[in-house]
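Beneath this line is the structure, given in structure tokens, with notes to follow.
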Amino acid sequence: MISVSKLPQTGTTIFTVMSALANEVNAINLSQGFPDYECPAELIDLVTAAMKNGYNQYAPMAGLPALRERIAAKTEKLHGAVYNPDTEITITAGGTQAIFTAICATIHPNDEVIVFEPAYDAYAPAIKLMGGTVKSLALEPPDYRIPWEMVKRLISSRTRMIILNSPHNPTGTILRKDDIDQLSIIVKNRDILILSDEVYEHLIYDGEVHESMARYPELQQRSFIVASFGKLFHSTGWKLGYCLAPAALMQEFRKIHQFLVFSVNTPMQVAIAEYLKNEETYLSLSSFFQQKRDTFRQGLAQTRFELLPCSGSYFQSVWYNNISDEKDTDFSIRLTRDFGVATIPVSAFYSKAIDYHVIRFCFAKKQETLDMAVEKLLAL
Ligand code: GLN
């Protein structure tokens, strides 16, 4: 029997809980973030071919060289940053493993990590497992802007890392140039690392620019950048992603990676290396998802929900103050059970469960799914 839990406060993630409820009551599942349409047939054919062509044994520990080279070329072209595929890029089992590995490789007991909330739920448990301290800073709707003056006050001699996520899950906000400027001033001459969760890098709307840490040399040299092919190629179930970091950081990252997973699945790496040759596969994503965002927002605008801004990601959040004063967790459950639409209560992304009466919808769905959901929400 386990006498002392290492994560006593941690339950099952809200994504699993809400998806299970959606399945149980046969609701439209706009809770967990995943597409309900197929990933590209060409990509499936490439994986099948790779398997038939014998790519079925361990990949090299850091990932297939051809794939790392493609990623290096893509990053240089988009952001002007040069990453050495041999020493500065590692292929991971999704963004989640990259996040865990980066934290595990760098956070020592009593190190402090600044996390902006609402925050993706994978960050805090990893920090705590390493004996680190989560210094959370709660952001508020509707804009969820980072109050950089408050960040400055949170910095101490123990601050080891700042975690950023842009485009942001769950709020759909993005970092802009003025955020980058403020961040640069704060970390300058300090021994602070950045973990930049950029899994939604290509899901950015209205012509906005993705402010990757890779674009700013003074930030890039202290950053682990996390990416996910699940988001790029509508294949979240493949659990493939990567991490970029300068060689000294990547060396530490790989010390953990080699014992956590050693390497990740080979045929999909072969396929993605080939598929990435066509840059349209990812450059077309902004317009693909922007169209979904726009039609979903138009539909929601006819309901009693109040729309919050959305500049990127899979997600549209709304206020439901006009409809109910229930807790967001209760409201989400009722919405699922009684109205047939599952969502995520945003309080789940705050360590203190702060409830601004905001829920999150995932719009990475077929048009007919979104239309059916709006139809049901109109009944509220
Ligand atoms: N990132 C996805 C979301 O926010 C879910 C990932 C997961 O289920 N762990 O919904």
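Start at 1 and go down the list; that is how both ligands and their atoms are numbered. The model shown is predicted, which means the values in this text are computed figures rather than measured ones.
- Between F296 and F361, the ring planes lie perpendicular to each other; the angle is over 60°, past the 30° to 60° tilted range.
- The closest side-chain heavy-atom distance from C310 to F363 is below 4.5 Å.
- The F315 neighbourhood of ligand 1 comprises atoms 3 (C), 4 (O), with distances under 4.0 Å to a heavy atom of that residue.
- Close placement of the Y350 and Y356 rings is indicated, their centers lying within 6.0 Å of each other.
- Put simply, the side chain of H168 does not reach to within 4.5 Å of the side chain of Y144, judged on heavy atoms.
- Inclusion of R360 in the set of residues having an N or O under 3.5 Å from an N or O of ligand 1 is warranted.
- Of the protein's non-hydrogen atoms, F15 CD1, 3.7 Å is the one closest to atom 7 (C) of ligand 1.
- Per-residue contacts place Q32 under 4.0 angstrom from the following atoms of ligand 1 (heavy atoms of the residue considered): 5 (C), 7 (C), 8 (O), 10 (O).
- Here is the list of ligand 1 atoms found below 4.0 Å of a heavy atom in N169: 1 (N), 3 (C), 4 (O).
- Selection from Y120, Y314, F34 by nearest heavy atom to atom 1 (N) of ligand 1 gives Y120.
- In this model, no donor atom of one side chain and acceptor atom of the other lie less than 3.5 Å apart for S313 and N169.
- From N23, atom CG reaches atom CE of M18 across 11.0 Å, with rounding to the nearest 0.5 Å.
- Closest protein heavy atom to atom 2 (C) of ligand 1: G33 N, 3.8 Å.
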